[in-house]
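Since this is a predicted model, take the numbers as computed values, not measurements. Whatever order the structure lists them in is the order used to number ligands and atoms, beginning at 1.
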Amino acid sequence: MKVLTLGINGFIGSTLTEKILKDTDWRLFGMDLNSDWIKGHTSHPRLTFQEGDITICKEWIEYHVKKCDVVLPLVAIATPATYVSDPLRVFDLDFAANLEIIKMVVKYKKRIIFPSTSEVYGMCQDSEFKEEGSNLTVGPINKQRWIYSCCKQLLDRVIYAYGIRDGLDYTLFRPFNWIGPRLDSIGKQKEGGSRVLSQFISNILYAGEIKLVDGGKQRRCFTYIDDGICALMKIIENKDDCAKGKIFNIGNPNEEHSIAELAERLLEAAVSVPYLKDRASKTKIVSVPSNDYYGGSYQDTCHRVPSIDNAKRYLNWQPKTGLSEAIKHTLDFYFAGK
Ligand code: UGA
């Protein structure tokens, strides 16, 4: 199988690359702006890496869409602070650039595996979000946070419509707060510059203060990256067409925790890491209003639990890793040997 991954150096792309090169005989082609997370693999005989911007290197992409069997367009801005600070950048990259790629996949009749998102459910009130049954509920236009959700939702609908009209072979997968090594870089950065676990780790490192937005009562189901990648591998393998034309929530419904609990668990784990011990024991947890942290065009969802019935039934998949273990693996990755 020939696999094309755009955004191969990202959180999902880099972990997937490692897994594909280790466990399969597939040929992998990938593009990214950077290669720091895959630098150990760029000279692998089954990987062709091209440094480049997907909005510019269109010929390279078209050539490789034509050449490959399956395409994973993983490039997207996925940090809520950017949804509110630069919504048009999110639109241009997450929506417009990816739409062009989807159209190439349709043109060459290839298979697409597209990263939708838990964010498409928005503020849905269902106790568990179902791919085929739950409403996708977002706030008013002045709440710009939802631009990411809407971009992804519209692409989901476009792909689905191509499936019906042109027989596009697709799978949509919806990660629910995947966490783990390489989620984001944990260098010194501005508040909100990365997703919550990486943000809190850099807060311990550089700020001595973890900020809980609106008190941190909002809940998420944290899913360890290796569990997510295991589901994604089954989707790519597509044994007996088990993933064809389907949408999968990929999340861990057993690991629903408030953001305040995440902060506490992280601090508990961080005091056992020598490099972090002193900083973690001095780090305070404080509450800040969302208006101060993200600005007025932010709106949040207070709970987000996936139904994973589809993934269990069609992929024979379920998550194995709990939050504490996921935090431990993440800290080991960044700080082992420091
Ligand atoms: C995320 C992002 O939109 C995407 O990465 C992704 O598509 C999706 O959800 C997912 O991973 O399932 P969200 O869960 O809101 O959205 O993103 P985080 O930045 O990880 O924040 C989680 C929660 O922590 C939010 O309620 C946020 O307000 C809170 N938070 C964040 C804090 O309390 N303090 C911080 O310093 C940062």
Should Y293 and K211 count as side-chain neighbours, where that means a heavy-atom distance under 4.5 Å?
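Counting from C-beta outward, Y293 and K211 do come under 4.5 Å.
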With no hydrogens and no angle check, do the side chains of D184 and Q199 hold a donor and an acceptor under 3.5 Å apart?
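Q199 and D184 do not have a side-chain donor-acceptor pair below 3.5 Å.
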Under 3.5 Å, is there a donor-acceptor pair linking the side chains of D126 and Y121?
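No, no side-chain donor-acceptor pair sits under 3.5 Å.
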Is K109 paired with D166 through a side-chain N to carboxylate O contact shorter than 4.0 Å?
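Salt bridge between D166 and K109, a charged N being under 4.0 Å from a carboxylate O: no.
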Using a strict 4.0 Å threshold on nitrogen-to-oxygen distance, state whether D23 and K19 make a salt bridge.
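Looking at D23 and K19, the cut-off is met.
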Less than 6.0 Å separating the ring centroids of F129 and H303?
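That pair passes the under 6.0 Å test.
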List by chain and number: which residues place a heavy atom under 4.0 Å from ligand 1?
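Within the 4.0 Å shell of ligand 1, which is judged on heavy atoms, sit A78, P80, Y83, T117, S118, E119, R145, Y148, P175, F176, N177, R195, V196, Q199, F200, K211, L212, V213, Q218, R220, I259, Y293, Y294, Y298, D300, R304.
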